[in-house]
Amino acid sequence: MAQERPVFIVSDRTGITAETLGHSLLTQFDGVQFSVSTVPFLNTPDKAHALVGRIQAAYDDTGLKPIVFSTLVDETLRAVVSDANALVVDFFDAFIGPLERELGVTSSHASGKAHGMSTSYTNRIEAMNFALANDDGVTVRHYMNADIILVGVSRSGKTPTSLYLALQYGLYAANYPLTIDDLELGRLPEKLMKHKPKLFGLTIDPARLTQIRTERRPDSSYAAGEQVRFEVRTAEALLASAGIPCVNTTHMSIEEIATTIMHTTGLKRRNY
């Protein structure tokens, strides 16, 4: 088996930004095996020098030059890490400089801006609380405050998508499961239609939904193929007849579903 290339993802805060960017880049290299270590809260020279030691040890152990993805802001810490025996990909160096030149403004070089206790953080927490309080049709009385209301049959991806929209975009997302009573009604419930501009449908291929439900409730009518096909077919027809935009989630990640919703509806991020 090929030796794994050591990778260090380094940040003076949580490392979420560096992880996202670093993993996105690594996925472009099929056939290359990586051993990834995340090093968050690297905020002192002692920690930086200790990291350089770890990097050197990884090189000595594997014979492969490690890759370091960094979002360190402090110049002193960046200088220490840049001297490591590694390929250092400094995201701030790559992006901040060109932005400063274009904008004609020097950046604050303040750490923690992306994930700190800021107004945007508070907004995202409030959005998360809204999503949890308005999950799975528990209540509809707060729908007037929603930015978007996801509608679909059970297990079509409504809850995780609502939470993702709240956490990543700061949106107030509610979700409503179409029950058998709703489907047999022949039209979307009036309590939903009064908020029609906010509705967005999620659907899923019956075979995949049957698999998901079987894992949750095996040998139940809830997971029966005929029942699932009826629910999906009827839900799609109701959404179409009401003119509600809809996306099939079968082969999509939560990130892709959320991005599709944002693009289709024109909703904007609220957590800046």
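Throughout, residue positions are numbered sequentially from 1 according to the sequence presented.
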Distance-only, no hydrogens or angles: does the [X] side chain make a donor-acceptor pair with backbone N or O of [Y] under 3.5 Å?
X: Lys194; Y: Met144; value: no
X: Ser82; Y: Ala79; value: yes
X: Lys268; Y: Tyr169; value: no
X: Arg269; Y: Gln168; value: yes
X: Arg5; Y: Lys65; value: yes
X: Lys198; Y: Ala146; value: yes
X: Glu256; Y: Ser253; value: yes

Legend entry - Cluster link Val10 to Leu64, ILVMFWY, side chain under 4.5 Å: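 No, it is not one cluster - the side chains of Val10 and Leu64 are not joined through contacts under 4.5 Å.
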Can you tell me if [atom1] on [X] sees more than 12 non-hydrogen neighbours from other groups inside 6.0 Å?
X: Glu102; atom1: CD; value: no
X: Phe230; atom1: CZ; value: yes
X: Asn145; atom1: CG; value: yes

Non-hydrogen side-chain atoms of [X] and [Y] separated by less than 4.5 Å:
X: Cys246; Y: Leu202; value: no
X: Val39; Y: Ile9; value: no
X: Phe200; Y: Val247; value: yes
X: Phe92; Y: Thr71; value: yes
X: Ile148; Y: Ile261; value: yes
X: Asp12; Y: Leu42; value: no
X: Val36; Y: Leu26; value: yes

Inset, instruction - Give the minimum heavy-atom separation between Thr249 and Ser156, together with the two atoms involved. - result: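 Looks like OG1-O, 3.1 Å.
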Inset, instruction - Specify the closest pair of heavy atoms between Phe130 and Ala173, including all atoms of both residues, with the distance to one decimal. - result: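 For Phe130 versus Ala173, the nearest heavy atoms are CD2-N, 3.8 Å.
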Legend entry - Stacked cation flag Arg213 on Tyr222, 6.0 angstrom / 45 deg: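 Yes, Arg213 lies over the aromatic ring of Tyr222.
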Legend entry - CA sep, side-chain torsions, deciding dist, call: Arg155, Glu231, salt bridge (Lys or Arg N to Asp or Glu O under 4.0 Å): CA-CA 11 Å; Arg155 312 308 293 180; Glu231 290 186 32; over 6 Å; no
Do [X] and [Y] have side-chain N/O donor and acceptor atoms under 3.5 Å apart?
X: Glu4; Y: Thr62; value: no
X: Asp46; Y: Thr44; value: no
X: Ser11; Y: Arg13; value: no
X: Thr203; Y: Glu236; value: yes
X: Asn248; Y: Asp205; value: yes
X: Tyr176; Y: Asp136; value: no

Inset, instruction - Go through the steps for Arg78 and Asp90 under the test salt bridge (Lys or Arg N to Asp or Glu O under 4.0 Å), then give the verdict. - result: CA-CA 8 Å; Arg78 290 170 63 196; Asp90 187 325; 3.0 Å; yes
Inset, instruction - Verify whether the ring centers belonging to Phe69 and Phe91 lie closer than 6.0 Å. - result: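 Yes: the rings meet the under 6.0 Å criterion.
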Legend entry - With sequence neighbours excluded, residues passing salt bridge (Lys or Arg N to Asp or Glu O under 4.0 Å) with Asp135: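 Asp135 satisfies salt bridge (Lys or Arg N to Asp or Glu O under 4.0 Å) with no other residue.
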